[in-house]
Amino acid sequence: DQKIGLFASMLGAATPSERRYLVRLATGQMRLGAGDMTLLDALAEAFLGSKTRRPPLEHAYNISSDIGLVARTLLEEGVAGVLAIPVTLHRPIRPMLTQRVSRISEIPERIGSSIIAVEEKYDGERIQAHKDGDDVTLFSRRLTDVTHQYPDIVEHVRQRVMADTAILDGEAVAFDRDTETYHPFQTLMRRRRKHRIKEVADEIPATYRVFDLLYVDGEPYLRRSYPDRRARLEAALSVDERISSADRILTGDLDGIQDFYITCVERGLEGIVCKSCAEDSFYRAGAREWQWIKWKSDYGTELADTLDLVIVGANAGRGKRAGTYGSVLCAAYNHDEDIFQTVCGMGSGFSDADLADLPRRLVGAKADRQPARVMVTPQAAPDFWFAPAQVVEVLGLEITESPVHTCNWDPERRRGLALRFPRFVRWRDEKNPEAATTTAEITAIFRRRREG
DNA sequence: TCTGCCTGCCC
DNA sequence: ATTCTGC
DNA sequence: GCAGAATGGGCAGGCAGA
């Protein structure tokens, strides 16, 4: 009520144009067209005369993650001051990201190194750990402080990193000792909490798989080569069951990459990350460049399972999709019951032309209310309903358990199955809705992966 | 007090 | 996360 | 190729309303 009163008085005092932006702010509809990089361009333009002078500012930002600090330092001390901003413990470094390719054979072509390190890729949470004596801070990929969420990792970094100060980069995962397999990502995410952290940490212990070293014993390591950083990392780690460096191989060719990839997938891992071992294989904070390339099982569609799903609903688009559909609700066919059960929404993978085409394709199936043969939970209920008619090919990474999608719905557990990372591939106009992928087939895919 | 919806942040 | 598009 | 902005599933947690 306090908030409402305050906001009401702000709206009352505002001009019509101000009101528009206040409402957009409150409803999360604000689009600035300016992210952090555009802000840095603006700083360079304003204080250094041209946005071509962004690089030193960008570097300081990449190692400090604090655009306010960069701006303040630039104003007070000029470029020299910005260049002197050091890597600082407990101030996160922007994580280096991985590039993607559409064929695995592109990896050796683009990586720019004859020797390639191939590391396991884990489906967990990216964690940057700062060790400052006994004082440990953990940061998530988007640099929020998650120290309190992982008391077990804090303790392991404290005890098993044999350096007084260090910054590590790695992945928190939930490894099940009994089955010798990694828990699904969803299980690890139960650790993202404020309360009852201790109990859940005991129930789902985290393992820290470290793959990089950015700073050690007072020295920044960003501009050392990957092989040097890795060697120093291994020297500093006193490995045990809950903290270790990422498993990897070194290879010189595509066959080596492919072999390791296959063993990773067979062991239930998400994929691989290939890393350049060249002289200039520095840690490029904040960058997504060709020194690191990832490969996951859904990238090469030949091996991946694509699903043919039926459109049963759509949601109104926002922003640049305002006025048309932003996403569609997709369902599989339950042959036994002759009904359609939802598997995912889908709004990615559409070109602007596909999107423009959507209303025309769907208009004939438009329904006033939920069609009788369509089963949907309240959380997944769409803005617009369609009778099952249009079939579409959908690509995704994997099938997961779902509290909102009704495919293979278990009324006892109130859970169905959903597709993770769904995206549009193409229309399947020649298919009838009853020829879509069945809920039984999706269930089989889920079980096959889950039970090896 | 309990439930459902919405947001924020992981991927 | 994935994907598309304007610059 | 970069930067930005569309969009996905899921979990925890806060808050409004039953």
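Note on naming: letters A, B, ... go to the chains in the order of the sequence lines (proteins, then strands), and numbering restarts at 1 for each one.
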*Rounded distance (Å) that lies between atom C1' of D/dA12 and atom CZ of A/Arg196*: 11 Å
_Interface limits on DNA chain C, where chain A has a heavy atom under 4.0 Å of a nucleotide atom_ = C/dA1 to C/dT5
*When the distance from CG of A/Asp145 to C1' of B/dC10 is rounded to whole Å, what number comes out?*
15 Å
*Taking only residues at least two apart or on different chains, which pairs with a member in residues 377-402 of chain A satisfy ring-ring contact (aromatic ring centres under 6.0 Å, His included)?*
A/Tyr325-A/Phe384, A/Tyr325-A/Phe386
*Nearest to side-chain heavy atoms of A/Arg126, which nucleotide of D/dG13, B/dC11, B/dC10*: B/dC11
*To the nearest Å, give me how far apart CG (A/Leu188) and P (B/dC10) are.*
12 Å
*asked:* Under 4.0 Å, counting only non-hydrogen atoms across every strand here, what does A/Phe424 touch: a base, just sugar-phosphate, or nothing?
replied: nothing
_Heavy-atom closest contact (A/Val173 atom, A/Tyr122 atom, distance)_ = CG1-CB, 3.5 Å
*Can A/Lys296 and A/Glu398 be counted as an ion pair, charged N to O under 4.0 angstrom?*
no
*Distance, rounded to the nearest Å, where A/Gln186 contributes CD and D/dA12 contributes C1'*: 14 Å
_How many whole angstroms separate atom NE2 of A/His183 from atom C1' of B/dC10?_
18 Å
*When the C1' atoms of B/dC10 and D/dA3 are considered, how many whole Å apart are they?*
22 Å
*So, is A/Arg110 near the phosphate of D/dG1, with a side-chain N or O under 4.0 Å from OP1 or OP2?*
yes
*Pairing residues for A/His156 by the ring pair (Phe, Tyr, Trp, His ring centres under 6.0 Å) criterion, not counting sequence neighbours*: none
*For A/Glu171, side-chain hydrogen bond (donor to acceptor under 3.5 Å, both in side chains) partners two or more places apart*: none
*List for me each residue that meets side-chain contact (heavy atoms from CB on, under 4.5 Å) alongside A/Arg177, sequence neighbours excluded, and say none if there are none.*
A/Glu241, A/Arg242
*Quick one: is A/Arg192 getting a side-chain N or O under 4.0 Å of the B/dT7 phosphate, OP1 or OP2?*
no
*Nearest-Å distance, CG (A/Asp123) to P (D/dG10)?*
14 Å
_Between C1' on D/dG13 and CD on A/Gln149, what's the gap in Å once rounded to a whole number?_
12 Å
*P gap between B/dC6 and D/dT7, integer Å*: 16 Å
*After noting the C-alpha distance and the side-chain angles of A/His130 and A/Phe139, does the key distance pass the ring-ring contact (aromatic ring centres under 6.0 Å, His included) rule?*
CA-CA 8 Å; A/His130 291 226; A/Phe139 296 99; 5.1 Å; yes
*Taking the C1' atom of each, how far is B/dC5 from C/dC4, in whole Å?*
31 Å
*Gap between atoms NE2 and C1', on A/His148 and D/dA12 respectively (whole Å)*: 11 Å
*Nucleic acid footprint by protein, nucleotides 2-9 of chain D - heavy-atom cut-off 4.0 Å, B for base, S for sugar-phosphate alone*: -SBBSSBB
*If only side-chain N and O atoms of A/Thr187 are considered, is one of them under 4.0 Å from the OP1 or OP2 phosphate oxygen of D/dG10?*
no
*asked:* Determine whether A/Arg230 and A/Asp212 satisfy the following criterion, salt bridge (charged side-chain N to carboxylate O under 4.0 Å, His left out), listing intermediate values before the conclusion.
replied: CA-CA 6 Å; A/Arg230 176 81 195 203; A/Asp212 220 315; over 6 Å; no
*Fit a plane to each ring of A/Tyr333 and A/Phe340, take the angle between them on a 0 to 90° scale, and name the class: parallel (under 30°), tilted (30 to 60°) or perpendicular (over 60°).*
tilted
_Side chains of A/Met96 and A/Trp292, heavy atoms from C-beta outward: is any pair under 4.5 Å?_
yes
